[in-house]
Amino acid sequence: MAEAYDPQAIEAKWQQRWEEWGTYQVDNDDPRPKFYVLCMYPYPSGPAHMGHVRNYTFGDLITRYRTMNGYAVLSPIGFDSFGLPAENAAIKTGVHPRPFTDERVAELTESLKGIGASYDWRREVRSHDPDYIKGTQTIFLRLLDAGLAYRANAPVNWCPGCQTVLANEQVLPDGTCERSGDVVTKRDLEQWFFKITAYAQELLDDLETLEWPERVKVMQRNWIGRSEGAEFTMRIAGRDDLSMRVFTTRPDTAFGMTYAVVAPEHPLVTQITTDDRRPEVEAFVEQVRRETEIDRLSTEGALEKRGVFTGSYAVNPFNGEDVPIYLADYVLMTYGTGAIMAVPAEDQRDWDFAQAYGLPVVRTVEPPDGWEGEAYTGEGPRVNSRWLDGITDTAEAKQKAIDWLVDQGVGERKVNFRLRDWLLSRQRFWGCPIPVVYCPTHGMVPVPEDQLPIVAPDDVEFRPTGESPLRFHEGFLHTTCPLCGGPATRETDTMDTFVDSSWYFLRFCDPFNDEEPFGKDAVSTWMPVDQYIGGIEHAILHLMYARFFMKALADIGMAPVDLREPFARLFTQGMIRMGGSKMSKSKGNLVAPSRYLDTVGADALRLFHLFVGPPADDVDWSEQTDEIIAGCSRFLNRVWRLATEPDAAPSAPTTDVVDRAAHRLIARVTEEYDRWSYNTAVAALMEFTNLLYKEGATDEAVDTLLLLMAPMAPHIAAELWERRHGDHVHEHQWPVADPDLARIDSVTMIVQVNGKVRDRLEVPPTIGEAEAEALALESEKVREQLAGASPKKVIVRPPKLVNIVA
RNA sequence: GCCCGGGUGGUGGAACCGGUCAGACACGGAGGGCUUAAACCCCUCCGCCCGAGAGGGCAUGCGGGUUCGAAUCCCGCCCCGGGCACCA
């Protein structure tokens with residue numbers, strides 16, 4: 001009796017070997033062509049969950065597949081180990097975030113090894129390691145020096161639950177915090193920003209060069225939000241000392257301006273408010289201040305309460321007419337100039353506001369006959385617009401309007417972006433400290449690089465105060481000024497954890513460098529990442545920030561100047577759902593992988609994730625799932641028996657059939673690996689196995705099967721290969737299909753009469769048109785159908801089909 | 001409202017460029033074999049409807065269209081998922 005398949009025994013054995021042998025360690029001077037495969041480094045929240053298993057199964061498959069194809073594959077792993085959960089746990093339990101995090105990292109490391117994922121563990125990075133902190137701080141200081149980091153007072157997003165400010169990207173569309181779900185409010189605070197807006201155009205343009213899912217690119221384009229238009233000056237009627245700037249995307253409609261609006265926070269408000277309007281205006285400004293982001297951006301609510309007349313008038317430069325200036329909460333100080341011209345006839349918001357306040361409407365684009373809508377934004381001839389009248393093409397009319405503004409010296413073409421600068425400071429403890437000090441004499445002074453890293457102390461108290469606990473730690477807070485040596489205080493804010501994740505892929509290229517965060521040569525060797533894998537939830541945040549960092553680091557000379565994009569190819573895997581919602585710790589619907597590792601084993605679980613459907617699709621974890629996993633395990637058992645029991649399959653294999661099938665399989669699976677069609681690749685392996693059970697197995701056929709499944713189910717493939725050959729399957733070259741054997745030398749040609757299949761003929765694939773037609777017409781079944789009539793038309797598509805139209 | 005995806009058997013999914021009466025592979029189900037029995041394992045069958053059978057009809061969300069031929073292309077509609085949404 002042959003030995004049974006024992007997944008636990010062989011998986012433990014091979015995981016240990018891969019680690020001991022350093023199978024997937026790779027050096028920077030490796031002569032093979034490079035391939036950098038990277039899964040987004042995880043936040044260490046404890047043992048791996050199914051989402052991790054899915055993610056790292058894909059990454060591991062690529063690592064092993066590329067290695068077998070002769071590449072030097074860089075496959076590193078690390079941990080995004082700063083962040084709120086560890087600090088919240090500290091507040092709750094008093095345990096310092098460092099030991100808490102280290103424990104979670106150890107757990108996640110164990111379970112990643114448990115699924116057989118292969119990494120160069122020497123290169124591991126953790127955001128909270130002093131080495132890494134030093135790198136993050138060095139980069140910050142260089143960006144500060146280059147003017148790409150700055151401090152400013154700004155109305156910022158404040159989350160009362162997290163007791164910290166948030167980046168715009170971390171506020172959900174409904175105005176709540178993406179982490180805690182609390183309603184985010186606005187506060188005026190002195191904060192740190194990265195000048196990501198300096199790269200708005202390049203971030204937009206370079207999307208074209210990336211092999212990324214289209215929907216991720218679309219999301220980024222929307223987020224950057226480029227809009228072209230004009231900016232111009234309007235005089236305030238009767239006030240020669242005052243004027244305001246407005247931005248519009250439709251300068252061609254300016255003759256239809258019937259009022260103007262400035263944001264309630266606009267600096268001009270106090271000056272343009274007339275005395276009789278002052279009480280009302282002040283009350284309105286106060287009301288808007290108190291409104292949450294949700295109220296303010298909501299389309300609900302009575303418009304009558306959402307604006308107020310200032311008492312002043314602006315002069316429309318196009319026709320010299322005065323229009324009333326209003327305040328309205330829907331005009332935002334943070335976009336454009338914080339002031340707009342309002343054209344109700346061609347803008348629905350302006351239309352609605354005009355209706356509520358009894359303001360006039362002047363059409364400047366003639367709507368089509370029978371138009372019953374309100375604002376009309378389509379094409380049509382200009383009217384009521386003097387020198388624009390009659391122009392139908394909007395682009396042309398815009399250009400003329402802009403030319404006129406330039407001519408008059410009151411305005412010019414202007415491009416605006418929705419993208420705002422990246423607010424990076426956080427009033428939290430468990431993040432990378434911002435390395436600057438404040439000196440009474442010298443103001444803000446960067447900490448010299450030779451004094452890095454600035455590491456937070458361990459003996460702090462965790463209280464949710466709205467300020468970093470560092471602020472209450474006397475030893476950390478008080479220091480000396482690097483310039484004058486006098487007493488100074490440290491910055492106590494820490495950095496957003498997205499700063500850490502914006503350069504970790506560069507550190508992986510050069511993890512032992514203690515001079516610099518990374519060396520240019522090492523980065524040139526490996527970058528860009530050839531295949532990046534992660535969840536769609538990072539479509540904007542992480543993937544935008546990292547792109548910005550890459551460009552900025554190249555420009556300030558830290559990275560190679562021509563390295564503009566970090567991730568050449570991106571794959572976003574589907575998420576795992578249960579009962580209709582995403583499987584997550586917070587929803588309490590996690591299924592622990594250990595349950596499967598302890599029974600069917602890691603290979604079967606990995607195979608399930610590959611087999612269940614296209615990698616990009618979501619997976620529904622249902623009652624059926626366990627059955628499918630059991631099916632994957634059954635398949636591995638069949639392979640095991642085939643490779644270990646001589647009489648598992650018929651003893652006299654039909655060698656010819658099996659050989660040909662094996663070589664067709666090589667061609668098919670290779671092609672499917674290359675296009676991420678893993679579910680059909682597994683199906684092909686199953687089909688082949690079924691064939692071997694039926695036709696008999698040759699040694700060569702079983703070897704082919706093991707080689708092809710080695711990236712998917714690495715442990716069983718390694719074990720069986722070693723038993724058969726004594727060496728290591730993953731060190732083998734990927735098999736190449738013999739074209740003579742893989743070639744199909746007889747195909748079934750379909751013969752249709754009026755589109756219905758009436759016969760099938762075995763023909764050589766090289767058959768010509770005339771021959772195919774002749775063969776088809778000779779078919780008895782065709783003659784029956786035709787009953788002597790001659791065909792009207794014959795469509796011949798050799799070698800696949802002949803269709804006879806009677 | 002706008003922009004992307006997607007609707008295929010009882011289920012997950014195949015079908016790369018329009019061409020093997022669509023449904024690979026797997027799950028599930030039915031029947032059978034092995035077994036004292038069960039599990040494991042093996043074999044056969046399973047889109048729907050009519051028919052004893054041969055066979056016929058209908059089928060890829062719905063309605064049209066293009067084509068010798070449509071799950072695949074075009075137009076209109078319905079449903080599901082995701083993104084954006086006072087950004088002037």
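Any value given below was found using the heavy atoms of this structure, including those in side chains, with hydrogens, waters and symmetry copies removed. All chains are named by letter (A, B, ...) in the order of the sequence lines, taking the proteins before the strands, and each is independently numbered beginning at 1.
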Discussion item. Quick check: any donor-acceptor pair below 3.5 Å linking the side-chain of Glu687(A) to the base of C25(B)?
Written reply: no
Discussion item. On the nucleotide G12(B), are OP1 or OP2 found under 4.0 Å from the side-chain N or O atoms that Asn679(A) carries?
Written reply: no
Worksheet entry | Atom pair distance, as rounded to whole Å: CZ in Arg418(A) and C1' in G83(B) | 11 Å
Worksheet item: Among the nucleotides G12(B), A85(B), G19(B), which one has an atom lying closest to any side-chain atom of Gln752(A)?
Response: G19(B)
Practice prompt. Report the relative orientation of the aromatic rings in Trp422(A) and Tyr545(A); use parallel for angles under 30°, tilted for 30 to 60°, perpendicular for over 60°.
Written response: parallel
Discussion item. Please classify the nucleic acid contact of Arg638(A) as base, sugar-phosphate, or nothing, using heavy-atom distances under 4.0 Å.
Written reply: sugar-phosphate
Worksheet entry | Touch class at under 4.0 angstrom, heavy-atom based, for Gln348(A) against every strand present | nothing
Worksheet entry | Any donor-acceptor N or O pair under 3.5 Å, side chains Glu228(A), Thr249(A) | no
Discussion item. Taking any heavy-atom pair under 4.0 Å as a contact, classify Tyr693(A): base, sugar-phosphate, or nothing.
Written reply: nothing
Practice prompt. Report yes or no: is there a donor-acceptor pair, N or O only, under 3.5 Å between the side chain of Asn803(A) and the base of C68(B)?
Written response: yes
Fill in: Minimum-distance nucleotide to Asn222(A) side chain [options: C3(B), C84(B), A88(B)]
C84(B)
Worksheet item: Does A30(B) pair with anything, Watson-Crick or G-U wobble, both distances under 3.5 Å, and if so, with which nucleotide?
Response: U44(B)
Practice prompt. May I ask you to check whether Tyr335(A) and Ser227(A) show a side-chain donor-acceptor distance below 3.5 Å?
Written response: yes
Worksheet item: Between G12(B), A14(B), A88(B), which one does the side chain of Phe611(A) approach most closely?
Response: G12(B)
Response to the item:
Against the side chain of Arg634(A), the closest entry in C41(B), A24(B), G12(B) is C41(B)
Discussion item. Which nucleotide wins on minimum distance to the side chain of Thr248(A), given the candidates C42(B), A88(B), C16(B)?
Written reply: A88(B)
Worksheet entry | Electrostatic pair Arg595(A):Asp626(A) at N-O distance under 4.0 angstrom | yes
